[in-house]
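Here's the structure, in structure tokens; my notes come after.
Predicted model, so just to flag it, every value in this text is computed and none were measured.
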Amino acid sequence: VFMSYLEDFLETVATLPIDVTRNFNLIRELDQRTQKLTEELKDLSREYFTKLRRVKKDNGEVLEEDKKVLSEIKTKQQTCLSLANEKIQIAKQTYAAVESHIQNLDKKIEKFDQELQDQGVDMSIADELNYDSQPNPPKKKRKLEPSAKVASKGGVRSKFEA
């Protein structure tokens, strides 16, 4: 029984790192494209505003060429926004995949634990693996021995408070 659960577990978990790695690599590629576009946007914006200042000084009109640069800036900004949204969607998909695997494994652990109990094995794997139910064991309060107390003006204090 244990081996079949172990084999199922390994099969289930084996694909997860591949999917997560693929998604993170895709996010990295999208981020690199976004960085490149951002640099291009900085250059285009600098160029556009420099020309705009000159036009303003000369009281002239904005040239068609300047309007094209502005249009290109808008297009690149929209592309950056689109890439950022795509990265968010991939991150959400990755999170959902990991969460789904965790829930699936939790169910398998509960089922395995139940089968062990049905067979009379006194071992609760779900309790041992469930860190959320008992995050930290309760700490024992330490009693001070009479020899650990020191006299002070206001009464008796422990040597740790001194």
Practice task
Taking all non-hydrogen atoms of both residues into account, name the closest pair between Cys80 and Thr34 and its distance.
Solution key: SG-O, 4.2 Å

Problem - Rounded distance [0.5 Å steps], OG in Ser82 versus NZ in Lys76 - result: 14.0 Å

Exercise for the section: Indicate whether any N or O donor in one side chain lies under 3.5 Å from an N or O acceptor in the other, for Glu99 and Gln103. Expected result: yes

Fill in the blank from the handout: Output for pair (Leu37 CG, Leu30 CG), nearest 0.5 Å, gives 11.0 Å

Exercise for the section: Please check if the side chain of Thr50 supplies one atom and the backbone of Arg46 the other of a donor-acceptor pair under 3.5 Å. Expected result: yes

Problem - Closest contact, heavy atoms only, Asp31 versus Lys87 - result: OD1-NZ, 2.8 Å

Handout entry: Pairwise distance CG(Leu44) to OG1(Thr75) - rounded to 0.5 angstrom
Key = 10.5 Å

Fill in the blank from the handout: Rounded to the nearest 0.5 angstrom, the CG-CD1 distance for Asn23 and Ile90 is 6.5 Å

Problem - Electrostatic pair Lys42-Glu39, nearest N-O below 4.0 angstrom - result: yes

Handout entry: Any donor-acceptor N or O pair under 3.5 Å, side chains Asn25, Arg22
Key = no

Handout entry: From CA spacing to verdict: side-chain contact (heavy atoms from CB on, under 4.5 Å), Phe24, Thr21
Key = CA-CA 5 Å; Phe24 285 153; Thr21 301; 5.9 Å; no

Fill in the blank from the handout: Those residues at least two apart in sequence (or on a different chain) that pass side chain to side chain contact (heavy atoms under 4.5 Å, CB included) with Gln114 are Gln117, Asp118

Practice task
Report yes if the side chains of Asp19 and Val98 come closer than 4.5 Å at any heavy-atom pair, otherwise no.
Solution key: no

Handout entry: Ser71 side chain vs Lys67 backbone, donor-acceptor pair below 3.5 Å
Key = no

Practice task
State plainly whether the residues Lys51 and Glu47 are in salt-bridge range, i.e. N to O under 4.0 Å.
Solution key: yes

